[in-house]
Colleague: 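Below you will find the structure I want to go over with you.
Numbering starts at 1 and runs along the sequence shown. Values below: every heavy atom of this structure, side chains too, minus hydrogens, waters and symmetry copies.
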Amino acid sequence: MKKTLNLSKSIYELTNAYPELTEIMSSLGFTEIKKKIVRKTVGKLMSIERGAQIKGISLSKIKETLREAGFDIIQDETTDKPNPADSSAMRRELIKSYLKRLSSGENLESVRHDFVEAFSDVDAKEIMRAEQELIAEGEPVDKVKKMCDIHSALFHKQKTALQTDTQPANPHILASQAESQKKYLQAAGIAGHPLRTLTLENAALGKLIDKAFEKLGNGESAEKEIEAMRSAAVHYAKKGDLLYPNLSVRYGIDGPSKVMWTVDGELRSGLARAAKDANGKNADINAAVALLKRMKEMIFKEDNILFPICAATFTEEEWKQIYRDSKDYAPCLGVTAETWHDAEEENPAPAGSGNGNAVALDGGAMTAEQLSAVLDTLPAEITFVDDKNINRYFNNSRVPKAFKRPQMALGREVFSCHPPKVQAMVKSMIEELRSGRKDNVPVWLVKNGRHVLVNYMAVRGKNGCYLGTMEVVQDMEEAFRHFTDNQRG
């Protein structure tokens with residue numbers, strides 16, 4: 001029987017018609033074709049022509065091999081030749097197929113192996129775009145997190161060591177990310193640049209993790225190292241406040257904010273549990289080792305994926321604002337931030353220091369400079385979010401801040417400043433205030449060992465219309481101690 005192949009038809013259709021084609025194509029480099037789920041997903045979208053282009057396999061060699069196997073080769077002349085845009089879309093579809101294989105219960109290591117074989121030259125941005133498409137299609141974030149683990153395996157395989165005096169963590173360079181990595185390394189070489197500080201923090205954290213592994217491996221307690229690691233919460237907070245929202249809101253790169261940010265929260269919680277267990281002498285060694293491995297992997301992902309993408313995406317002005325906002329964060333992991341002189345020289349003038357014209361108020365009038373100074377003098381942290389849920393104002397309170405308010409967050413939706421697991425709660429609370437069902441929502445908590453009152457209040461105009469929400473944070477520790485002492489007396 002004559003065997004005829006139209007190379008423009010889908011691989012799924014061709015392998016159904018000729019099952020022996022699966023083994024032939026696998027030997028030519030289409031190794032994932034043996035996976036049934038791949039044939040049923042990507043295989044329905046991909047032709048042999050497009051597959052050859054994506055994988056960089058000679059189409060002439062494919063034709064020659066197929067003719068030797070007894071096939072007559074034909075091509076549909078009406079079919080347009082593959083173009084780069086088509087190839088990019090097909091690559092993303094293939095990337096997404098790996099997550100679907102995981103969802104079907106396939107072994108992680110098996111999927112990792114095929115992923116590395118199929119994508120020897122994949123770029124981090126390409127994978128993040130595929131992750132974003134999966135999330136937009138309704139894929140749960142918890143499942144997309146697995147893809148983050150898979151694509152980091154690719155970087156581990158292709159790593160090339162590079163060490164400079166600014167890179168003590170010795171991050172690895174992926175050839176296909178050369179330009180992004182170059183920008184990252186240049187930024188990390190600038191004294192005081194946020195990427196230098198973040199990288200040095202990773203280096204310090206990596207050393208603590210290695211020491212903890214060594215102790216646990218020898219049957220010793222790693223209590224000291226785990227306790228020291230807890231300050232990594234500041235490192236994760238800076239990413240959550242300064243990097244993820246900017247990538248998501250300004251550049252539409254929201255994969256990190258939905259995937260890595262979620263993992264950061266899990267690592268912070270895991271560290272708190274591990275420290276508590278170690279202090280109580282009830283350490284779970286297996287849990288501690290698993291946590292340390294995840295933290296080590298996050299360091300790798302930051303140095304090789306997140307930081308290079310940020311370096312290639314953010315403008316110099318954005319980095320300078322990130323530097324200025326970073327001053328509100330405590331030093332962590334023994335790393336003291338240096339001074340970035342260029343950013344200091346361009347430090348913008350305080351809001352309201354312009355021409356000094358008076359601002360008319362119901363109770364009188366003040367210049368913009370005076371009004372700003374009065375609000376900054378109040379012993380409270382104030383945030384105003386308008387009726388469109390946009391951050392419009394932060395005062396620069398002179399009391400120690402319980403919560404950081406980066407200037408870069410102004411003009412953004414308030415929800416983008418919160419981790420994914422908190423966003424639904426914030427939306428619900430604002431809706432309660434907007435609707436009039438509530439006028440304020442007080443929240444009492446202990447922050448950094450001090451009693452704090454966070455009050456969310458509806459701001460309404462004279463006609464009762466909703467203008468926005470004001471958040472007022474007050475340190476109540478002195479009041480708490482005062483009334484506690486009086487009750488004792």
Colleague: Give the C-alpha distance, both sets of side-chain angles, the deciding distance and a yes or no for side chain to side chain contact (heavy atoms under 4.5 Å, CB included) between N395 and F384.
Modeller: CA-CA 9 Å; N395 76 328; F384 176 68; over 6 Å; no
Colleague: Which distance, rounded to the nearest 0.5 Å, do you find between the CD of Q407 and the CG of D328?
Modeller: 8.5 Å
Colleague: Regarding D439 and R460, does a basic nitrogen lie under 4.0 Å from an acidic carboxylate oxygen?
Modeller: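 Between R460 and D439 there is a salt bridge, with a charged N closer than 4.0 Å to a carboxylate O.
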Colleague: Is the shortest heavy-atom distance from the side chain of E227 to the side chain of R230 under 4.5 Å?
Modeller: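 Yes, their side chains come closer than 4.5 Å.
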Colleague: I want to check something: taking the side chain as every heavy atom from C-beta on, are M295 and F300 in contact at a cut-off of under 4.5 Å?
Modeller: no
Colleague: Nearest 0.5 Å please: distance from the OG atom of S180 over to the CG atom of N304.
Modeller: 11.5 Å
Colleague: Between M229 and A212, what is the shortest heavy-atom contact and its length?
Modeller: CE-CB, 3.7 Å
Colleague: Is a salt bridge present between E266 and R294, judged by a nitrogen-to-oxygen distance below 4.0 Å?
Modeller: yes
Colleague: Carefully, step by step, assess V441 and V454 under the rule side chain to side chain contact (heavy atoms under 4.5 Å, CB included).
Modeller: CA-CA 8 Å; V441 179; V454 183; over 6 Å; no
Colleague: If you measure only the distance, is there a donor-acceptor pair under 3.5 Å linking the side chains of Y244 and D264?
Modeller: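 D264 and Y244 do have a side-chain donor-acceptor pair below 3.5 Å.
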Colleague: Determine the interplanar angle of the Y323 and W340 rings, folded into 0 to 90°, and report it as parallel if under 30°, tilted if 30 to 60°, perpendicular if over 60°.
Modeller: perpendicular
Colleague: Nearest 0.5 Å please: distance from the CG atom of L247 over to the CD1 atom of I309.
Modeller: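 The distance works out to 7.5 Å.
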Colleague: Could you tell me whether the side chain of S435 and the main chain of E431 form a donor-acceptor pair under 3.5 Å?
Modeller: yes
Colleague: How far apart are the closest heavy atoms of I430 and Y466, and which atoms are they?
Modeller: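 Taking every non-hydrogen atom into account, CG2-OH, 3.7 Å.
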Colleague: Side chains of T199 and Y184: donor-acceptor distance under 3.5 Å anywhere?
Modeller: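 A donor-acceptor contact under 3.5 Å links the two side chains.
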Colleague: Quick check: do V385 and I390 have side-chain heavy atoms less than 4.5 Å from each other?
Modeller: no
Colleague: Tell me if a side-chain donor or acceptor on S326 pairs with a main-chain N or O of I322 at a distance below 3.5 Å.
Modeller: yes
Colleague: Decide whether S248 and Y251 meet the rule of one side-chain donor and one side-chain acceptor closer than 3.5 Å.
Modeller: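 No, no side-chain donor-acceptor pair sits under 3.5 Å.
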Colleague: Rounded to the nearest 0.5 Å, how far does SG of C332 lie from CG of L198?
Modeller: 8.0 Å
Colleague: Could you tell me whether E413 and K388 have a side-chain N and a carboxylate O separated by less than 4.0 Å?
Modeller: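 No.
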Colleague: Test side chain to side chain contact (heavy atoms under 4.5 Å, CB included) on R481 and M476 and set out the steps.
Modeller: CA-CA 9 Å; R481 291 179 180 176; M476 306 299 288; over 6 Å; no
Colleague: For the side chain of D386 and the backbone of G468, is there at least one donor-acceptor N/O pair under 3.5 Å apart?
Modeller: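 No: the side chain of D386 does not pair with the backbone of G468.
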Colleague: With the side chain counted from C-beta on, respond yes when T383 and V473 share a heavy-atom pair under 4.5 Å apart, and no when they do not.
Modeller: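 Sidechains of V473 and T383: no contact.
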Colleague: Taking the side chain as everything from C-beta on, heavy atoms only, tell me whether M470 gets closer than 4.5 Å to Y456.
Modeller: no
Colleague: Which pairs pass ring-ring contact (aromatic ring centres under 6.0 Å, His included) with one or both residues in residues 420-451, sequence neighbours excluded?
Modeller: H451-F480
Colleague: Could you pull out the closest heavy-atom pair between K215 and A222, with the gap in Å?
Modeller: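 Closest pair (atom of K215, atom of A222, distance): CD-CA, 4.3 Å.
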Colleague: Any carboxylate oxygen within less than 4.0 angstrom of a Lys/Arg side-chain nitrogen, looking at K427 and E432?
Modeller: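 So K427 does not pair with E432 through a salt bridge.
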Colleague: Are there more than 12 heavy atoms of other residues, nucleotides or ligands under 6.0 Å from atom NZ of K421?
Modeller: no
Colleague: How long is the span from the OG1 atom in T469 to the CG atom in L433, to the nearest 0.5 Å?
Modeller: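 Here the interatomic distance stands at 4.5 Å.
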Colleague: Examine the side chains of H235 and E302 and answer whether a donor and an acceptor come within less than 3.5 Å of each other.
Modeller: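 Yes, because at least one side-chain N or O of H235 sits under 3.5 Å from a partner of the opposite role on E302.
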Colleague: Taking the side chain as every heavy atom from C-beta outward, state whether M408 and L242 have any atom pair closer than 4.5 Å.
Modeller: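 No, side chains not in contact.
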Colleague: Quick one: does any side-chain atom of S397 pair with a main-chain N or O of A380 as donor and acceptor, under 3.5 Å?
Modeller: yes
Colleague: Does a side-chain N-to-carboxylate-O contact under 4.0 Å join E316 and K320?
Modeller: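 A salt bridge is present here (some side-chain N lies under 4.0 Å from a carboxylate O).
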Colleague: Indicate whether any N or O donor in one side chain lies under 3.5 Å from an N or O acceptor in the other, for N440 and N455.
Modeller: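 Yes.
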Colleague: Got a salt bridge between E344 and K327, using NZ or NE/NH1/NH2 to carboxylate O under 4.0 Å?
Modeller: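 Judged by the 4.0 Å cut-off on N to carboxylate O distance, E344 and K327 do form a salt bridge.
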Colleague: Answer yes or no: is there a side-chain heavy-atom contact under 4.5 Å between T197 and K238?
Modeller: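 Of all side-chain heavy-atom pairs linking K238 with T197, at least one is under 4.5 Å.
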Colleague: Just do the side chain to side chain contact (heavy atoms under 4.5 Å, CB included) check on F415 and V249 with the steps written out, would you?
Modeller: CA-CA 11 Å; F415 312 123; V249 176; over 6 Å; no
Colleague: Quick check against the 3.5 Å criterion: does R434 have a side-chain atom that pairs as donor or acceptor with the backbone of D387?
Modeller: yes
Colleague: Out of curiosity, D325 CG to D241 CG, how far, rounded to the nearest 0.5 Å?
Modeller: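 Those atoms lie 9.0 Å apart.
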Colleague: On a heavy-atom basis, which atom in A228 and which in L333 lie closest, and how many Å separate them?
Modeller: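 It is O-CD2, 3.9 Å.
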Colleague: Taking the side chain as C-beta and beyond, is there a heavy-atom pair between V452 and Q474 under 4.5 Å?
Modeller: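 No, too far: nothing below the 4.5 Å cut-off.
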Colleague: Using atom types as modelled and distance alone, determine if a side-chain donor or acceptor of R392 lies under 3.5 Å from a backbone N or O of G411.
Modeller: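 Judged by distance alone, no pair lies under 3.5 Å.
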Colleague: Could you tell me whether E381 and K401 make a salt bridge, using a distance below 4.0 angstrom between a side-chain N and a carboxylate O?
Modeller: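 Between K401 and E381 there is no salt bridge, as every charged N stays at least 4.0 Å from the carboxylate O atoms.
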Colleague: Is a side-chain donor or acceptor of Q370 paired with a backbone partner of T367 at a separation under 3.5 angstrom?
Modeller: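 Yes, Q370 side chain to T367 backbone: donor-acceptor pair under 3.5 Å.
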Colleague: Does any donor atom in the side chain of Y329 or K404 lie under 3.5 Å from an acceptor atom in the other side chain?
Modeller: no
Colleague: Please report the closest heavy-atom contact between E318 and T313, naming both atoms and the distance.
Modeller: OE1-O, 4.5 Å
Colleague: Would you please say whether a donor-acceptor pair under 3.5 Å links the side chains of N246 and R412?
Modeller: yes
Colleague: Taking all non-hydrogen atoms of both residues, which atom of A360 and which atom of A365 are closest, and how far apart?
Modeller: CA-CB, 4.4 Å
